[in-house]
Amino acid sequence: MNKIRFSALKELSSHLPVKNTKAYYPSDVFGCDVLTLDKMQRYLSGEAFKQLQQIMSEGGTIDRNLADQVAAAMKTWALEKGVTHYTHWFHPLNGSTAEKHDSFIDVQTNGRIAETFDGRMLVQQEPDASSFPNGGIRNTFEARGYTAWDPGSPAFINNNTLCIPTVFVAYTGEALDYKTPLLKALSLIDKAAVDICQYFDKDVQKVIATLGWEQEYFLVDEALYNARPDLKLCGRTLMGHSAAKDQQLEDHYFGAIPERVNTFMDELEYVCHRLGIPVKTRHNEVAPNQFELAPIFEEANLAVDHNQLLMSTIKRVARHHHFRVLLHEKPYKGINGSGKHNNWSLLTDTGVNLLSPGKNPKSNMQFLVFLVCTAKAVLEHEALFKACIVSLGNERRLGGDEAPPVIMSVFLGQQLDSILNEIEEKVSSRKMSPDEKTELKLNVGKIPEIMRDNTDRNRTSPFAFTGNRFEFRAVGSSANCGAAMIVLNTAVAEQLMIFKRETDALIEQGVKKDEAIFQTLRGYIIACKKIRFEGNGYSPEWREEAKQRGLSVSNSCIEALRAYLSPKARKLFTENGIFTDRELEARYEIKNEIYLKKLQIESRVLGDLALNHIIPTAIQYQNTLIANVRGLKEILPDVYAEVGEMQLKAIKEISERTREIRTLVEEMTEARKRANNQIPNEVERAAAYSATVLSYLDRIRYHIDKLELLVDDEIWPLPKYRELLFCK
Ligand code: ADP
Ligand code: MG
């Protein structure tokens with residue numbers, strides 16, 4: 001038996017469930033590691049508290065005096081809880097979170113050591129920007145970057161360190177993170193949505209975007225993980241024949257959660273609750289060893305922070321239970337990949353969910369405006385919606401094994417569809433008769449009833465309306481939700497603003513408000529037909545139809561990313577102050593760079609494994625077969641006459657497959673070298689890798705997977721799919 005795999009399997013049996021969380025009331029511990037505004041009140045003067053509260057709800061700048069007071073409050077709270085360090089906590093464009101811990105201690109003028117933390121330290125830090133992806137924004141002579149406090153997201157304690165959520169920008173002011181543009185997009189949609197609400201309810205002063213993510217992930221036993229260099233270095237398996245049984249019996253989804261997994265989840269939820277992450281739902285997903293965790297939705301900026309925090313926390317806690325978490329979009333070939341559905345809606349300060357049908361015709365009209373403007377936003381920026389969710393990992397997930405297709409479309413459900421059709425029919429630019437108007441309003445008023453029995457849940461749509469929110473299902477499991485939230489909120493805000501402009505123009509021409517709204521709505525409804533799709537998104541027919549509708553059907557990440565630089569995207573982002581041209585270009589470069597580097601790593605790892613693990617093992621087995629054939633021929637010629645041919649066939653197949661693997665690995669390496677040596681520009685090199693390196697991964701794997709079936713199980717070096725997927 002191969003040593004690595006054998007000892008991994010042996011070690012596995014020692015990984016029993018560890019009971020480690022004491023019984024607790026979630027409500028007792030919820031947020032105990034978070035400095036909420038409520039707690040802040042205890043440490044601040046009344047005046048300072050009022051000021052801070054106002055800045056948190058309305059924005060504005062924090063003066064030095066207030067910053068000092070808040071810093072002192074944070075320090076006191078943290079020290080009371082035994083915390084020794086603080087850090088600015090931010091989301092650089094490498095997709096993870098970054099922190100640099102500093103101790104509270106400082107030397108006083110009298111030489112004594114004391115704990116220090118003042119407004120200056122709270123408001124700004126200066127990490128070196130050059131070691132984070134910056135897309136050429138950083139000048140070589142000026143590597144500084146700044147992190148600056150985001151008062152909209154509360155400080156929290158993680159790893160005995162006070163973490164202060166911050167934005168991260170270059171010395172020259174350009175954003176180097178997800179949070180900066182996200183905050184801008186959220187404030188844009190606030191204003192645009194309030195303006196629309198004013199048609200219906202003058203009391204609305206603020207609208208927030210809400211986000212409820214659903215995080216899918218795989219667990220794998222630590223010992224097996226350690227025996228798979230591809231999982232360790234790439235986060236996914238680069239080889240492995242399908243297990244005889246995986247998800248075909250559909251016996252995992254919502255099944256009983258295995259005990260060891262359950263104790264892991266208990267601890268994870270305990271930690272999350274302390275951190276104020278309102279996780280609520282947990283269940284088995286479709287693939288074996290795949291699970292999902294979903295919180296109660298929150299304001300989008302906070303929800304994004306919480307998802308980033310969750311992704312690092314889940315990895316840490318899993319280790320306590322000898323698990324590793326795979327957040328990759330497609331860790332295993334042939335079974336479901338993992339996504340992170342982004343459930344999104346808009347909520348007014350009067351407590352109305354703008355994507356939830358209301359109680360009367362007026363609020364339903366408002367609902368329809370928001371619904372249709374969202375669909376129109378997807379239509380207008382279809383390419384950008386795709387660009388914000390693609391990655392090397394998601395490229396493998398989308399369009400395969402129960403993942404939404406890479407074609408952007410909007411699902412509304414049959415009932416809403418027919419209401420929209422009715423508006424299209426009844427409303428026209430000519431004046432409506434009073435009877436027609438009454439009938440239309442009556443029907444619009446019936447929406448909630450209709451929606452009540454709307455169980456329509458099209459799981460094949462990348463962007464589906466689900467009764468009181470949209471679910472952006474194409475987002476990848478390892479992604480920072482910020483990327484999708486920036487595009488979604490900016491694009492919808494733009495449509496709301498255009499809607500308002502067009503409707504106001506009609507009102508100015510003397511059209512009554514209600515009728516003007518209906519007329520604008522009608523135009524949008526007609527336009528949106530191109531993006532609305534109620535059918536099966538997985539079907540080949542849809543692909544054909546989408547092509548005819550002029551929607552982009554390409555599966556290529558590299559191609560999709562180009563949408564970031566299209567004139568339409570530039571206009572959207574620059575005119576609305578979300579990104580400058582320079583920032584967009586940098587982001588585009590970074591996305592390409594990440595694609596390139598990840599593909600390069602995958603290609604190298606596969607080459608190494610093929611040459612150092614797989615081929616030698618195959619040859620070793622082949623030698624056994626050769627010895628066997630020789631022996632038979634010599635000692636048992638009759639038996640040889642009977643089975644010799646079969647044995648020889650196996651020997652030959654091993655030769656053929658190892659030869660193929662070697663040739664393909666050589667070609668792949670050559671393709672890499674060519675791209676590396678001849679193409680200095682990283683964006684172009686990423687495209688070359690995608691065109692010339694990518695396809696080798698599957699071609700090489702094909703032969704390795706065939707060898708796995710052929711070679712003696714005892715000597716196969718890597719844990720197999722049946723082991724990775726079924727050991728828990
Ligand atoms: P399903 O798997 O059927 O989509 P889940 O319960 O797993 O349902 O997930 C639903 C998600 O939608 C949760 O994260 C929830 O918080 C979120 N959600 C519900 N209402 C809203 C809303 N108004 N805005 C944003 N997210 C919402
Ligand atoms: Mg969902």
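Just so it is clear, the values below take in all heavy atoms, side chains as well, and ignore hydrogens, waters and symmetry mates. All ligand and atom numbering here is 1-based and tracks the order in the structure.
- With a 4.0 Å cut-off on non-hydrogen atoms, I296 touches ligand 1 through its backbone and not its side chain.
- A tilted orientation is assigned to the rings of W344 and F470, their planes being inclined by 30° to 60°.
- For ligand 1, the atoms closer than 4.0 angstrom to any heavy atom of E471 are 4 (O).
- Counting heavy atoms closer than 4.0 Å to ligand 1, residue K280 contributes nothing at all.
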Walk me through it: do N307 and Q215 pass the test side chain to side chain donor-acceptor pair (under 3.5 Å)?
CA-CA 8 Å; N307 182 249; Q215 179 73 55; 3.1 Å; yes

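- Every N/O-N/O distance between H283 and ligand 1 stays at or above 3.5 Å.
- Below 30°, between 30° and 60°, or above 60°: for F90 and F168 the angle between ring planes is between 30° and 60°, a tilted geometry.
- Of the N or O atoms in W344, none lie within a sub-3.5 Å distance of an N or O in ligand 1.
- Looking at ligand 1, you'll find an N or O of P295 within less than 3.5 Å of one of its N or O atoms.
- Interface of N353 with ligand 1, defined as ligand atoms under 4.0 Å from a residue heavy atom, comprises 23 (N).
- Here the shortest heavy-atom pairing between F472 and F385 reads CZ-O, 3.6 Å.
- Backbone and side-chain nitrogen or oxygen atoms of E214 are examined, and one is located within less than 3.5 angstrom of a nitrogen or oxygen of ligand 1.
- For the pair L346 and T210, the tightest heavy-atom approach, listed with the atom from each and the gap, is N-OG1, 4.1 Å.
- For a threshold of 3.5 Å applied to N or O pairs, the pair formed by F297 and ligand 1 contains at least one separation below that value.
- Per-residue contacts place W213 under 4.0 angstrom from the following atoms of ligand 1 (heavy atoms of the residue considered): 14 (O).
- F291 and Y217 have tilted rings, their planes meeting at an angle from 30° to 60° on a 0 to 90° scale.
- The two residues R469 and S345 come nearest to each other via the heavy atoms CB-CB, 4.1 Å.
- By heavy-atom distance, the residue among H341, R282, R469 lying nearest atom 10 (C) of ligand 1 is R469.
- Within the structure, ligand 1 has E292 among the residues with a heavy atom less than 4.0 angstrom away.
- Remark: R587 is not positioned above the aromatic ring of F579, lacking an NZ or CZ atom under 6.0 angstrom from the ring centre and at most 45 degrees off the axis.
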